[in-house]
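The structure under discussion appears below in the form of structure tokens.
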Amino acid sequence: MIRILFYLSSLVCISLTSLPIKAMDYHFKRYEIDEGLSNNSVNGCVQDANGFLWIGTRDGLNRFDGVTFYTFYNQASQKNSLISDWINDLILSPKDELWISTNKGIQRYDYQTESFSLLPFTEGAGYTDIAFDHKGLLWMLSPQSLICYNEASDHFQTYNFAENDPVVSFYITSDDEFWAISKQGYIGKLDRRTQAFEYVVEKQSQTPVHIEHASTLYVSVSHQIALVGTVDQGIKLVQLSDGKTQELIKPQKRHPPPVRTQYPTDE
């Protein structure tokens, strides 16, 4: 069974099978500025091996120990400070290192010195999504391109779809397959040998599947499906085997909420 959490203007949970789910009691506590959070607009959240919860907002990086928030801000006069207060994404490396994506570059946090080191080639650029694959390679997404960084060799490589069609979202499966969707709405799997994307094709027409206004992508290889969130067209389900597409959540006629993130909770 796959259950996916979609982050729209609210949180929506969808189960792709109709198996019965045992009722459980859940307790929630809201944390906002009044409780010590630096900003109510949260773009990323991870928990490290020490138990700290790291929360990236539009105004500072928060470290939460379960009781108190400590916030890191950009300090222009301080060396190795956070480069920007606008945090786009957070990720833990296979070594449990914290990496931070901001609107001015990507940094790594040093637990010993509580300082931040910048990836030089990212300085000044706004990167949105960042993720590590199972080989330890760091993938990062900017509005212009997708970049793969190998820390061991200090080498990076840029990827786009054909005709410089930029990637808008990507997903790395548990089998380390790399999938992406482009600005023009094409879904593809990266062939690591040829370094090119293989398009998902509609079987009858033999043309690449095209989803307008795509914003997020989730892929389940075991179920042979892709879920595509859009800005204003709801959520689409695409069969990878034959390219057939159907509406999972229909678009609203008035003020459709954009799908910002998809969180797989089971597979």
Side-chain angles (χ1 to χ4, degrees), residues 5-11 27-132 138-147 149 151 156 168-170 215-216 229 231 257-263:
L5 292 178
F6 297 95
Y7 181 27
L8 296 88
S9 55
S10 59
L11 200 61
H27 301 279
F28 298 90
K29 183 174 181 180
R30 182 187 297 270
Y31 291 94
E32 297 181 324
I33 291 177
D34 291 342
E35 287 72 39
L37 189 65
S38 64
N39 188 275
N40 289 339
S41 295
V42 174
N43 292 333
C45 183
V46 295
Q47 186 173 21
D48 65 19
N50 299 314
F52 289 116
L53 192 65
W54 294 86
I55 305 164
T57 76
R58 294 183 180 182
D59 187 24
L61 173 64
N62 299 256
R63 185 180 64 197
F64 184 54
D65 61 9
V67 178
T68 305
F69 287 95
Y70 179 85
T71 305
F72 294 88
Y73 292 105
N74 169 252
Q75 305 288 342
S77 61
Q78 182 179 331
K79 186 179 180 180
N80 296 328
S81 166
L82 191 64
I83 195 172
S84 171
D85 296 335
W86 189 294
I87 312 300
N88 285 325
D89 200 8
L90 302 172
I91 191 70
L92 292 175
S93 76
K95 301 176 184 177
D96 206 48
E97 298 171 323
L98 178 68
W99 290 74
I100 305 101
S101 172
T102 78
N103 64 336
K104 293 184 179 180
I106 294 176
Q107 293 180 289
R108 178 176 54 189
Y109 175 70
D110 187 315
Y111 282 84
Q112 299 298 321
T113 61
E114 294 198 334
S115 60
F116 301 86
S117 58
L118 177 71
L119 273 182
F121 68 87
T122 70
E123 185 173 7
Y127 290 87
T128 52
D129 302 336
I130 54 176
F132 281 92
L138 176 62
W139 295 83
M140 56 194 80
L141 186 63
S142 76
Q144 291 77 35
S145 62
L146 172 71
I147 296 174
Y149 174 64
E151 186 182 7
F156 69 90
V168 297
S169 182
F170 65 85
S215 58
T216 65
V231 174
V259 180
R260 292 176 56 185
T261 310
Q262 303 182 70
Y263 297 99

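Counting from 1, the numbers follow the sequence of the chain as shown.
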Measuring from [X]:[atom1] to [Y]:[atom2], what's the distance to the nearest 0.5 Å?
| X | Y | atom1 | atom2 | value |
| --- | --- | --- | --- | --- |
| Ile130 | Ile147 | CD1 | CD1 | 12.5 Å |
| Leu146 | Met140 | CG | CE | 9.0 Å |
| Leu119 | Trp99 | CG | CH2 | 4.5 Å |
| Ile106 | Ile100 | CD1 | CD1 | 10.0 Å |
| Glu151 | Leu138 | CD | CG | 8.5 Å |
| Arg58 | Thr102 | CZ | OG1 | 14.0 Å |

Which residues satisfy the side chain to side chain contact (heavy atoms under 4.5 Å, CB included) test with [X], sequence neighbours excluded?
| X | result |
| --- | --- |
| Asn50 | Asp48, Phe52, Tyr111 |
| Leu53 | Cys45, Gln47, Ile55, Phe64 |
| Ser115 | Asn80, Asp110, Thr113 |

Do you know which two heavy atoms are closest between [X] and [Y], and how far apart they sit?
| X | Y | result |
| --- | --- | --- |
| Ser215 | Ser169 | O-CB, 3.6 Å |
| Pro143 | Gly126 | CD-O, 3.3 Å |
| Ala131 | Phe170 | CB-CE1, 3.7 Å |
| Ser84 | Asn103 | OG-OD1, 2.5 Å |

Inter- and intrachain pairs under side chain to side chain donor-acceptor pair (under 3.5 Å), touching residues 117-129, at least two apart: none
Identify every side-chain donor-acceptor pair in residues 67-77 under 3.5 Å, counting partners at least two apart or on other chains, and give the distances.
unit_1: Thr71; atom_1: OG1; unit_2: Asn62; atom_2: OD1; d: 3.0
unit_1: Asn74; atom_1: ND2; unit_2: Leu82; atom_2: O; d: 2.7
unit_1: Asn74; atom_1: ND2; unit_2: Ile83; atom_2: O; d: 3.4

Check: Asn39 side chain, Gly60 main-chain N or O, donor-acceptor pair, under 3.5 Å: no
Criterion side-chain contact (heavy atoms from CB on, under 4.5 Å) on Ile87 and Asn43, from CA distance to verdict: CA-CA 7 Å; Ile87 312 300; Asn43 292 333; 5.6 Å; no
Tyr149: which of Phe156, Phe121, Phe132 passes ring pair (Phe, Tyr, Trp, His ring centres under 6.0 Å): Phe121
Which residues share a salt bridge (Lys or Arg N to Asp or Glu O under 4.0 Å) with Glu35, sequence neighbours left out: none
Worked check of side-chain contact (heavy atoms from CB on, under 4.5 Å) between Tyr109 and Leu61: CA-CA 11 Å; Tyr109 175 70; Leu61 173 64; 5.7 Å; no
